[in-house]
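This one's a predicted model, so the numbers in the text were calculated from it and none came from an experiment. Throughout, protein chains are lettered first and strands after them, A, B, ... in sequence-line order, and every chain is numbered starting at 1.
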Protein chains: 2
Amino acid sequence: MSKHTIQDVARRARVGVGTVSRVLNNHPSVRKSTRDKVLAAIEDLGYAPNPHARRIAGGRSYTVSVMLPMVSVEFYVRLVNAIEECLDENRFDMAIFPLLGRARIERYLNSNRIAYQADGIIMCTYDLGKLFPDGALPTEHPVVLVDNESDHYDSVFLDNYYGGYLVGEYAGRLGLPAYSMTLEDDPEGVFVSQVFVDRKRGFDDGIASSNVRFVRDYPCGLHHQGGVQAAQQLLDEAVFPCTVFAAADVLAGSLMEEAGRRGLVVGRDIKVIGFDDQPWSQDMKLTTVHQPIEVMGRRAAEMLLERLSGYEGPPRKARFTPHLVERDSTLGEVLPAKYVAIAER
Amino acid sequence: MSKHTIQDVARRARVGVGTVSRVLNNHPSVRKSTRDKVLAAIEDLGYAPNPHARRIAGGRSYTVSVMLPMVSVEFYVRLVNAIEECLDENRFDMAIFPLLGRARIERYLNSNRIAYQADGIIMCTYDLGKLFPDGALPTEHPVVLVDNESDHYDSVFLDNYYGGYLVGEYAGRLGLPAYSMTLEDDPEGVFVSQVFVDRKRGFDDGIASSNVRFVRDYPCGLHHQGGVQAAQQLLDEAVFPCTVFAAADVLAGSLMEEAGRRGLVVGRDIKVIGFDDQPWSQDMKLTTVHQPIEVMGRRAAEMLLERLSGYEGPPRKARFTPHLVERDSTLGEVLPAKYVAIAER
DNA sequence: CTGTTAGCGCGTTCAT
DNA sequence: ATGAACGCGCTAACAG
């Protein structure tokens with residue numbers, strides 16, 4: 001926090017505080033020469049306006065809160081970076097509020113929380129209807145939802161059903177017995193993401209029109225270890241060759257690793273299809289559903305900034321359409337069953 | 001954000017704003033009867049003071065920032081929960097700022113960031129000397145360091161060297177060839193935690209006084225997958241029976257899992273010692289070094305609150321001493337080498 | 001003990 | 001185009 005005030009800047013630039021304020025807020029009616037004087041003074045002093053004072057006086061602090069389940073999951077890291085980049089370009093600051101678990105979520109039901117003192121909020125993934133009374137956040141400020149569809153707020157989300165459908169269709173064409181790995185139920189019941197339900201529903205529908213037999217689903221935790229455990233059980237029970245839809249790339253990665261450990265050849269003995277198209281999926285040659293995370297994050301930030309600039313229209317939905325990226329993990333030639341049986345052991 | 005102001009409360013309670021302010025700030029000289037009147041009015045109106053206004057007027061917003069590398073690592077989740085609990089009891093709010101990576105850290109070199117507008121900061125793990133100019137955060141507010149020792153700020157940390165030493169001594173008594181798994185260097189060079197260096201140094205020194213042979217160290221990423229990879233290489237190369245010091249419980253978990261997969265008996269063929277004593281370590285019967293994470297988090301919050309209450313003494317160090325918890329993972333009877341060689345295959 | 005008043009730093013009039 | 005004055009919601013100092 002700079003120790004200077006707008007007064008100091010005004011004195012140094014030999015102008016009134018009003019003029020400095022205008023420069024600060026990009027007000028058009030300032031002569032170029034005086035604007036430059038002011039900017040120079042600001043630069044010299046290393047001055048930065050006090051966001052709290054701005055909030056008090058002008059009703060805005062140029063800060064937005066981002067609420068999400070947790071970070072350090074690849075999806076959120078990418079999303080947050082994209083959001084922050086966009087906000088940064090518009091001279092907005094960002095604070096992250098990881099909700100982590102039920103206890104913290106309940107704290108955030110209280111509108112006094114600092115999180116709600118921002119100019120606006122971006123809420124990720126959580127189903128507001130299940131967490132907050134009336135399905136609304138306790139705030140008058142604009143809210144944008146990401147990774148979750150809504151009729152009450154602007155929302156940015158992927159058509160996860162369609163993504164799953166693409167995979168189902170594709171699995172149908174592969175013609176092999178099919179399995180799936182999806183997200184298990186959250187014991188705390190807070191992180192019930194519609195996302196994975198939709199992907200699975202789409203997959204089921206996509207495969208239904210083929211004559212492929214869907215054997216069963218293996219629910220697992222959304223991390224490497226969870227994927228490995230489910231993969232072990234799956235590989236113990238599965239018949240080969242087969243197709244497996246892993247509803248997140250991280251799970252597909254676990255599965256491919258575990259399959260390799262057992263001497264199975266991915267693409268031939270087991271066809272693996274992921275979801276996300278994370279950067280490393282290309283290296284792993286994983287067939288997967290592409291989702292434009294950065295674009296979605298940026299769009300969410302833009303929508304919020306539009307609201308903050310006074311846009312008053314009805315809630316908007318930014319639905320993104322995924323597409324399938326075909327890679328080696330589904331491209332190997334399938335061998336006669338007998339040979340596979342040997343390779344399997 | 002409540003739409004009421006301190007004026008509304010004053011009117012409703014038929015007192016002056018000064019009195020309301022005194023009640024809000026626990027000022028002693030308020031008659032009990034009027035205090036109750038005011039509290040009733042506050043209750044009726046659902047009033048909550050505006051933190052920005054408090055900051056402007058009184059210089060404090062009752063908010064602290066917590067900066068850390070990332071959450072959703074068990075250590076930080078537990079730490080953050082403990083910190084928030086203590087702050088909550090003192091009517092302070094908390095905002096978390098995950099630094100995530102180099103790009104975000106550099107943004108946070110700028111003192112204008114909202115993170116620095118809090119009354120105080122708790123900084124976790126990062127070595128300030130390497131990240132910030134002069135080894136100081138760009139703020140005049142009080143700072144407390146956690147998981148990192150410092151001469152400039154109050155700091156709360158574990159004696160990691162001693163913890164490692166305990167393990168080294170213990171491994172010496174076990175009398176078996178010893179290996180270790182520690183944190184690999186961070187490619188971005190930002191998350192170079194002294195913590196793991198200290199644990200390893202202590203381990204080396206602790207084992208040095210015995211006649212046990214230390215074979216080699218396996219560096220790995222601080223997550224399950226990283227542990228599995230290192231464990232595979234270690235188990236490929238190791239001689240059994242042996243002792244392995246995993247410098248974090250999560251790595252020990254990976255190792256035990258991988259060892260089990262290979263038919264090795266933990267505690268007999270391979271003695272595993274972890275570090276952290278995470279809640280699940282007891283279930284896994286992992287011998288490990290206990291670290292009181294919640295106590296440390298609470299202590300950090302307390303130290304910061306003391307500074308915010310005006311304490312002005314020199315930087316204090318709250319060093320915590322770990323202890324070894326012995327469980328089954330090191331307790332099996334070692335068999336003759338020949339038998340082990342068979343079991344190994 | 002309590003009411004009144006002067007700022008805190010800034011945005012926003014309203015004249016000029 | 002620009003300076004001066006007012007007010008945002010609150011705390012703190014000053015009277016009583």
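In the helix from C:dC1-D:dG16 to C:dT16-D:dA1, the rotation axis of the first five pairs and that of the last five pairs differ in direction by 40°, rounded to 10 degrees.
When all heavy atoms of A:Thr19 and A:Val30 are compared, the pair lying nearest together is CG2-CG1, 4.5 Å.
With hydrogens and angles ignored, the 3.5 Å screen pairs a side-chain donor or acceptor of B:Asp8 with a backbone N or O of B:Thr5. Using a distance-only test at 3.5 Å, with no hydrogens or angles considered, no donor-acceptor pair links the side chain of B:Arg12 to the main chain of B:Ile42.
Under the rule for a side-chain hydrogen bond (donor to acceptor under 3.5 Å, both in side chains), the partners of B:Asp88 that lie at least two apart in sequence or sit in another chain are A:Arg107, A:Arg113. Residues satisfying the salt bridge (charged side-chain N to carboxylate O under 4.0 Å, His left out) test with B:Asp134, not counting sequence neighbours, are none.
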task: For nucleotides 8-16 of chain C, just jot down a letter per nucleotide in 5' to 3' order: B, S or -, based on protein non-hydrogen atoms under 4.0 Å.
output: BBBBBB---
Distance-only check: which donor-acceptor pairs under 3.5 Å involve side-chain atoms of residues 56-66 of chain A, not counting sequence neighbours?
residue: A:Arg60; atom: NH2; partner: A:Leu308; partner atom: O; Å: 2.5
residue: A:Ser61; atom: OG; partner: A:Asp119; partner atom: OD1; Å: 3.2
residue: A:Tyr62; atom: OH; partner: A:Asn25; partner atom: OD1; Å: 3.3
residue: A:Thr63; atom: OG1; partner: A:Ser61; partner atom: O; Å: 3.2
residue: A:Ser65; atom: OG; partner: A:Ala115; partner atom: O; Å: 2.6

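A salt bridge (charged side-chain N to carboxylate O under 4.0 Å, His left out) check over residues 14-35 of chain B, counting only residues at least two apart or in different chains, returns the pairs B:Lys32-B:Asp36.
A straight line from CZ of B:Arg14 to P of C:dC1 spans 23 Å, rounded to a whole angstrom. Look at NZ on A:Lys37: it is 12 Å from C1' on D:dG3, rounded to the nearest Å. Whole-Å rounding puts the B:Lys32 NZ to C:dT2 P distance at 13 Å.
Contact annotation: A:Thr34 reaches the phosphate of D:dT2 (side-chain N/O to OP1 or OP2, under 4.0 Å).
A:Leu145 contributes atom CG, which lies 8.0 Å from atom CG of A:Leu137 (distance to the nearest 0.5 angstrom).
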